[in-house]
A.B. asks: 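Sharing a structure, written as structure tokens. Questions coming.
Below, chains carry the letters A, B, ... as their sequence lines are ordered, and counting in each starts from 1.
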Number of protein chains: 2
Amino acid sequence: MSFAETFKALSDPARREILLMLRGGKMSAGEIGSHFDMTGATVSYHLSVLKKADLVYETKQKNFVFYELNTSVFEEIMLWFAQFKGENGDENK
Amino acid sequence: MSFAETFKALSDPARREILLMLRGGKMSAGEIGSHFDMTGATVSYHLSVLKKADLVYETKQKNFVFYELNTSVFEEIMLWFAQFKGENGDENK
DNA sequence: AATCTATTTAGAAAATTTTCTAAATATCTT
DNA sequence: AAGATATTTAGAAAATTTTCTAAATAGATT
């Protein structure tokens, strides 16, 4: 996992919205797309970005592709942020 | 604070690097700039993005501008991520 | 007040990202 | 196997972001 990819993925509002939607469980690409005012191709692009960032993974069933949150990466991001908690510099004495 | 702005700000590697540098305490714009292979104007642009996202704040002293982490916003970001912890949908029964 | 140092602003160029349309792929149904 | 449904890929256009150079601002020093 690269933080560069992860943060880039999180920087787009549609992609963050997709992640929030997926909290409820798996959704197919089409189901996800129907919540947005963009073409299926564009949604597919966003899903591919989330997938490359390991924020979601996909499973195929029939002619559907289901997307699901990959919660383990969220843990790693939390660790990145934890770097900023406590032990502040010298408090600028 | 808007998450859109915050995540956009975090999506650039130079800006994340600046945040990491600031963990040690306040630094002037020039001091920050000297760690990068880019013009002062470009560094100034990145600092302005971080500032608009409330990730840092500035204080002026003489003809220097010092930048400092605004840790409170990090807490808010952690809250955003907390949305993804536990209480997963229906686990797709 | 002239000059120097530190930083920002303006405007343009370069790079990247987002979006679309059209075509391709893959699986299902008849 | 032909047609229907779901999704992705390719390639181009549109939008946004990043970067630079040059000029502007602001405070400090001579």
A.B. asks: Do you know which two heavy atoms are closest between B:H35 and B:E31, and how far apart they sit?
C.D. replies: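 Distance-wise, the nearest heavy atoms are ND1-O, 3.1 Å.
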A.B. asks: Residues from residues 31-38 of chain B sitting under 4.0 Å of DNA chain D, heavy atoms only?
C.D. replies: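 Nucleic-acid contacts, sorted: B:M38.
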A.B. asks: In whole angstrom, give the distance that lies between atom CD of B:Q61 and atom C1' of C:dA6.
C.D. replies: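 Rounding to the nearest Å, CD of B:Q61 and C1' of C:dA6 are 13 Å apart.
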A.B. asks: Look up atom CD1 in A:I32 and atom OH in A:Y67, then write down how far apart they are to the nearest 0.5 Å.
C.D. replies: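 Going from CD1 on A:I32 over to OH on A:Y67, the span is 7.5 Å.
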A.B. asks: For A:F66 and C:dA26, give me the distance from atom CZ to atom C1', rounded to whole Å.
C.D. replies: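 Going from CZ in A:F66 over to C1' in C:dA26 covers 15 Å.
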A.B. asks: By the side chain to side chain donor-acceptor pair (under 3.5 Å) test, which pairs, at least two apart or in different chains, include something from residues 36-49 of chain A?
C.D. replies: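 Listed by first then second residue: A:R15-A:H46, A:T39-A:T42.
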A.B. asks: Residues in side-chain hydrogen bond (donor to acceptor under 3.5 Å, both in side chains) with B:N70, at least two apart?
C.D. replies: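 Checked B:N70 against side-chain hydrogen bond (donor to acceptor under 3.5 Å, both in side chains); matches are B:S72.
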A.B. asks: What's the separation between atom CZ in A:R16 and atom CG in A:L19, rounded to the nearest 0.5 Å?
C.D. replies: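 Between atom CZ of A:R16 and atom CG of A:L19 there are 9.0 Å.
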A.B. asks: At under 4.0 Å between heavy atoms, what does B:A29 touch on the DNA or RNA strands: base, sugar-phosphate, or nothing?
C.D. replies: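 Contact class for B:A29: sugar-phosphate only.
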A.B. asks: For B:F36 and B:I18: C-alpha separation, side-chain torsions, deciding distance, then whether side chain to side chain contact (heavy atoms under 4.5 Å, CB included) applies.
C.D. replies: CA-CA 10 Å; B:F36 294 97; B:I18 291 171; 3.6 Å; yes
A.B. asks: Please tell me whether A:V49 and A:V65 are part of a single hydrophobic cluster in this structure, the criterion being side-chain heavy atoms less than 4.5 Å apart.
C.D. replies: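 No, because A:V49 and A:V65 fall into different hydrophobic clusters, even though each may have its own neighbours under 4.5 Å.
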A.B. asks: Nearest heavy atom decides the nucleotide; on that basis, is A:R15 or B:G40 closer to the 5' end of DNA chain C?
C.D. replies: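 First, find each residue's nearest nucleotide; the 5'-ward one identifies B:G40.
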A.B. asks: Select from A:Y45 and A:K62 the residue whose nearest nucleotide in DNA chain C is closer to the 5' end of that strand.
C.D. replies: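 Result: A:Y45.
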A.B. asks: Below 4.0 angstrom, which residues in residues 7-14 of chain A have at least one non-hydrogen atom near DNA chain C?
C.D. replies: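 Heavy-atom contacts with DNA chain C come from A:K8, A:D12.
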A.B. asks: Who passes side-chain contact (heavy atoms from CB on, under 4.5 Å) against A:F81, sequence neighbours left out?
C.D. replies: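 Counting only residues at least two positions away or on another chain, A:F81 forms a side-chain contact (heavy atoms from CB on, under 4.5 Å) with A:F7, A:I77, B:L10, B:F74, B:I77, B:M78, B:F81.
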A.B. asks: Pick base, sugar-phosphate or nothing for A:S28, based on heavy-atom distances below 4.0 Å to the nucleic acid.
C.D. replies: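 It contacts sugar-phosphate atoms only.
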A.B. asks: Answer with yes or no whether the hydrophobic clustering places B:V43 together with B:Y57; edges join I, L, V, M, F, W, Y residues whose side-chain heavy atoms lie under 4.5 Å apart.
C.D. replies: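 Each belongs to a different hydrophobic cluster.
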A.B. asks: Extract, from 5' to 3' on DNA chain D, the first and final nucleotides lying under 4.0 angstrom from some heavy atom of chain A.
C.D. replies: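 So the outermost contacting nucleotides come out as D:dT5 to D:dT9.
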A.B. asks: Nearest heavy-atom pair of B:V73 and B:A53: which atoms, and what distance?
C.D. replies: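 Heavy atoms only, the tightest pair is CG1-O, 4.2 Å.
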A.B. asks: If you group Ile, Leu, Val, Met, Phe, Trp and Tyr whenever their side-chain heavy atoms sit less than 4.5 Å apart, what else falls in with A:F64?
C.D. replies: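 Once heavy-atom contacts under 4.5 Å are chained together, A:F64 belongs with A:F66.
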A.B. asks: Please enumerate all protein N or O atoms sitting under 3.5 Å from an N or O of nucleotides 3-5 of chain C, with distances to 0.1 Å.
C.D. replies:
from, atom 1, to, atom 2, distance (Å)
C:dT5, O2, B:N63, ND2, 3.0

A.B. asks: With sequence neighbours left out, write down each residue that passes salt bridge (Lys or Arg N to Asp or Glu O under 4.0 Å) with A:K51, or none if nothing qualifies.
C.D. replies: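 For A:K51 the salt bridge (Lys or Arg N to Asp or Glu O under 4.0 Å) partners, ignoring immediate neighbours, are A:E58.
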A.B. asks: Report the residues that fulfil salt bridge (Lys or Arg N to Asp or Glu O under 4.0 Å) with A:E75, sequence neighbours left out, ordered by chain and then residue number.
C.D. replies: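 For A:E75 the salt bridge (Lys or Arg N to Asp or Glu O under 4.0 Å) partners, ignoring immediate neighbours, are B:K85.
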